Amino acid sequence: MFKKVFLKTSYYFLPSVFKILSFFVTVPLISYYFNPQDLGVFYVLISFLLILGPLSNIGIEWAFQSKYYKLSKEKVKIFFFNAVLIDLTLRIFWSVITFALFSNFGHYFLEQFNPDYNVYLTLILLSFIVNFLWISLSQVLILEKKAKDFAIIESLRVIVFIIILLILLVSLDIGFISLFLSPLITNIIIFFIEVMYVKNVIKIQMDKKILLSIFKFGLPVLPTSLVEMSQGFVDKFVIQKFLGFYQTGIYGHSQSYTNLFTQCTKAVVRVISPVLIKNISKKNFKNVNELNELNTLFYKLTLFLGLFVIFSSEYLISWFTFNKFTESASLVNIWYSVIFVSFFSNTTLSILIVKKLTKFIMHTSVHLTLIMFVLLFYFAKYMSIEGIVYIIVFKRFFIAVIRFYKVKDFINRSYFFTFIAYFTLFSSVAYLNNEFMINVFVKIGLIIVSGVDCLIDFNKKSKIMKFLQKNV
């Protein structure tokens with residue numbers, strides 16, 4: 001029954017598996033060679049990409065999702081070329097602007113500015129430009145349900161990166177610059193692999209209507225994407241400004257664990273999203289609600305696994321990083337709660353995109369994120385790093401809640417209250433454990449109860465699995 005669903009999920013999860021495995025190589029390796037102060041510099045510089053990404057793809061991913069099933073195969077190929085053309089042009093343009101601004105004004109914003117930072121940023125920008133095909137190609141592979149091809153490219157990217165990093169850092173021993181050279185060399189190699197796939201899904205033909213349609217669709221969501229992604233730049237900038245590069249390193253290290261959680265979530269979402277979008281486009285909201293029933297199981301599994309994260313993160317991180325980054329454990333526990341929000345947001349965001357409510361998406365994201373920025377700038381110097389993470393997590397939570405109320409007529413409200421319940425339960429356990437250290441017997445009891453809860457719900461989901469089996 002679960003074979004087809006499991007197989008496709010496995011394909012999407014395969015790159016995540018490689019990233020998880022690479023995590024156990026790169027994190028100890030980087031922790032051994034560098035301290036939080038060094039990595040604080042790295043995390044701040046690399047965060048520029050979080051601003052450049054939205055400026056370059058201007059909502060290309062959302063444009064693909066909105067129009068893909070409405071275009072002929074020939075038009076999709078033309079659409080692909082024009083999307084790539086826009087992406088490449090904007091990547092080059094914004095990279096030049098970024099370097100010009102940073103090289104002239106960077107010393108005003110970064111503590112203890114070093115001219116070498118200009119070299120590091122140049123390598124980051126070159127790597128960013130070379131990777132221009134992937135945004136559009138990944139969307140085609142996902143929407144065409146070519147999970148295997150998607151997995152091959154993403155897995156190779158991880159494998160090549162590890163090999164390059166080991167050569168530069170261990171064999172050649174070139175030090176800190178290896179952190180910036182590794183992504184660049186990796187993206188150059190992967191670019192030639194992507195070209196082999198692109199030749200089958202592209203038709204080189206400029207189309208003014210398509211170009212305008214992409215801009216017309218993308219520009220309203222640009223502020224949303226830009227503000228959401230710039231969060232990853234602003235938070236690190238604020239932390240290094242008020243708390244120093246050391247605390248920025250601790251903070252950035254905690255996010256590397258969060259990336260593992262995100263990869264697992266994306267693997268599941270990438271399987272469900274095409275089916276979800278297709279049913280929303282055809283107004284089959286009964287099927288949409290059936291898919292939403294699966295979220296209940298996801299919440300329960302997320303809670304069960306999350307309890308292990310809460311109760312073991314401090315010991316594992318301490319051992320894993322040679323006691324250099326143990327302080328990040330409490331942050332990891334807080335970040336984990338974002339998984340609940342991601343599962344819940346998938347349906348609401350898909351409905352808003354298909355119904356072209358991009359302005360509403362923009363307003364909810366921009367307004368709450370700007371409020372968050374104000375809170376960060378004002379309170380950062382008075383609060384701990386944990387407080388900063390709580391502000392960021394609850395911003396995402398409130399955005400998800402507000403967006404739900406816009407589409408509540410299409411979604412069964414019971415799934416909303418289930419989300420609230422499991423998010424609150426996990427966050428409460430994480431907070432209590434961080435502040436007071438929960439008794440070991442209570443920990444065991446919580447894990448047992450959560451495990452039984454998962455098993456009971458799993459047996460009720462056979463109907464939904466049959467639906468997915470027919471549609472995935």
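All of these numbers come straight from a predicted model, not from anything done at the bench. Index from 1, following the sequence.
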Inset, instruction - Please check if atom CZ in Phe377 has more than 12 non-hydrogen atoms from other residues, nucleotides or ligands closer than 6.0 Å. - result: yes
Legend entry - Least distance between heavy atoms, Leu446 atom then Phe311 atom: CD1-CZ, 4.1 Å
Legend entry - Nearest atoms (heavy-atom pairs only) where Ser230 meets Phe373: OG-CZ, 3.6 Å
Inset, instruction - Carefully, step by step, assess Tyr246 and Glu327 under the rule side-chain contact (heavy atoms from CB on, under 4.5 Å). - result: CA-CA 11 Å; Tyr246 179 89; Glu327 297 168 63; 2.8 Å; yes
Inset, instruction - Would you mind listing every salt bridge (Lys or Arg N to Asp or Glu O under 4.0 Å) that reaches into residues 295-314, with sequence neighbours excluded? - result: Lys300-Asp453, Lys300-Asp457
Inset, instruction - Hey, could you give me the CD1/OG1 distance between Ile402 and Thr364, rounded to the nearest 0.5 Å? - result: 7.0 Å
Inset, instruction - Measure across Phe344 and Ala400 and return the closest heavy-atom pair with its distance rounded to 0.1 Å. - result: CE2-O, 3.6 Å
Inset, instruction - Establish, from distance only, whether the side-chain atoms of Arg403 and Thr348 form a donor-acceptor pair under 3.5 Å. - result: no
Inset, instruction - Considering non-hydrogen atoms only, spot the tightest contact between Lys236 and Tyr43 and give its length. - result: CD-O, 3.3 Å
Legend entry - Side-chain donor or acceptor of Thr369 paired with backbone N/O of Val366 under 3.5 Å: no
Inset, instruction - Check for a donor-acceptor pair, side chain of Lys324 on one end and backbone N or O of Ser31 on the other, with a separation under 3.5 Å. - result: yes
Inset, instruction - Anything under 30° is parallel, anything over 60° is perpendicular, the rest tilted; go ahead and classify Phe298 against Phe343. - result: parallel
Inset, instruction - Look only at the side chain of Glu154 and the backbone of Ala151, and say whether a donor-acceptor pair between them is shorter than 3.5 Å. - result: no
Legend entry - Validation row: Arg413, Phe404 side chains within 4.5 angstrom (heavy atoms): yes
Inset, instruction - Please check if the side chain of Thr321 supplies one atom and the backbone of Ile317 the other of a donor-acceptor pair under 3.5 Å. - result: yes
Inset, instruction - May I ask you to decide if Leu123's main-chain N or O and Ser127's side chain share a donor-acceptor pair within less than 3.5 Å? - result: no
Inset, instruction - Give the intermediate values and the outcome of side-chain contact (heavy atoms from CB on, under 4.5 Å) for residues Lys443 and Asn433. - result: CA-CA 10 Å; Lys443 292 178 181 179; Asn433 193 68; 3.6 Å; yes
Legend entry - Beyond-backbone contact of Ile167 with Leu172, side-chain heavy atoms, under 4.5 angstrom: yes
Legend entry - Test item: Ser138 side-chain N/O and Ile135 main-chain N/O as donor-acceptor pair under 3.5 Å: yes
Inset, instruction - Determine whether more than 12 heavy atoms belonging to other residues, nucleotides or ligands lie under 6.0 Å from atom NZ of Lys406. - result: no
Legend entry - Approximate separation, where rounding is to 0.5 Å, of Ile391 CD1 and Ile334 CD1: 11.0 Å
Legend entry - Donor-acceptor under 3.5 Å (Ser256 side chain, His253 main chain): yes
Legend entry - Distance, nearest 0.5 Å, that separates SG of Cys454 from CG of Leu297: 7.0 Å
Legend entry - Worked check of ring-ring contact (aromatic ring centres under 6.0 Å, His included) between Phe23 and Tyr257: CA-CA 9 Å; Phe23 179 85; Tyr257 297 88; 4.9 Å; yes
Legend entry - Asn333 side chain to Asn434 side chain, donor-acceptor N/O pair below 3.5 angstrom: yes
Inset, instruction - Indicate, with yes or no, if the rings of Tyr117 and Phe102 have centres closer together than 6.0 Å. - result: no
Inset, instruction - Show your working on side-chain contact (heavy atoms from CB on, under 4.5 Å) between Thr26 and Phe161 and close with a plain yes or no. - result: CA-CA 10 Å; Thr26 57; Phe161 174 79; 4.2 Å; yes
Legend entry - Side-chain heavy-atom pair Ser328, Gln255 within 4.5 angstrom cut-off: no
Inset, instruction - Can you measure from OG1 (Thr186) to CD1 (Ile162) and round to the nearest 0.5 angstrom? - result: 9.5 Å
Inset, instruction - Count the heavy atoms belonging to other residues, nucleotides or ligands that lie under 6.0 Å from OH of Tyr431, then report whether that count exceeds 12. - result: no
Legend entry - Ring geometry between Phe423 and Phe394 (parallel below 30°, tilted from 30 to 60°, perpendicular above 60°): perpendicular
Legend entry - Exam field: side chain Ser254 to backbone Tyr251, donor-acceptor pair closer than 3.5 Å: yes
Legend entry - Contact summary for Ser450 and Leu307, nearest pair of heavy atoms: CB-CD1, 3.7 Å
Inset, instruction - Please name the residue in the list Phe34, Phe180, Phe245, Phe48 that meets the ring pair (Phe, Tyr, Trp, His ring centres under 6.0 Å) test with Phe42. - result: Phe180
Legend entry - Ile124 vs Phe128 side-chain heavy atoms within contact, under 4.5 Å: no
Inset, instruction - Evaluate the side-chain proximity of Leu165 to Val25: yes if any heavy-atom separation is below 4.5 Å, no if none is. - result: no
Inset, instruction - Begin from the C-alpha positions of Phe416 and Tyr405 and carry the test ring-ring contact (aromatic ring centres under 6.0 Å, His included) through to its verdict. - result: CA-CA 10 Å; Phe416 167 72; Tyr405 275 98; 5.7 Å; yes
Inset, instruction - Check whether any side-chain heavy atom of Tyr197 sits under 4.5 Å from a side-chain heavy atom of Leu133, and report yes or no. - result: no
Inset, instruction - Compare all side-chain heavy atoms of Leu243 with those of Ile388 and state whether any distance is below 4.5 angstrom. - result: yes
Inset, instruction - Measure the shortest side-chain to side-chain distance between Val238 and Phe379 over non-hydrogen atoms and say whether it is less than 4.5 angstrom. - result: no
Inset, instruction - For residues Phe340 and Tyr422, report the shortest heavy-atom separation together with the two atoms involved. - result: CE2-CB, 3.8 Å
Inset, instruction - Measure the CD1-CG distance between Ile153 and Leu156 for me, rounded to the nearest 0.5 Å. - result: 8.0 Å
Legend entry - Atom pair CG (Asn131) and CD1 (Ile188), whose distance is rounded to the nearest 0.5 Å: 11.0 Å
Inset, instruction - In sequence, state the C-alpha distance, the side-chain angles, and the governing distance for Leu39 and Leu179, and then conclude on side-chain contact (heavy atoms from CB on, under 4.5 Å). - result: CA-CA 10 Å; Leu39 292 186; Leu179 295 178; 4.0 Å; yes
Legend entry - Exceeds 12 heavy-atom contacts within 6.0 angstrom, atom CZ of Phe322: yes
Legend entry - Side-chain (Ser155) to main-chain (Ile152) donor-acceptor, under 3.5 angstrom: no
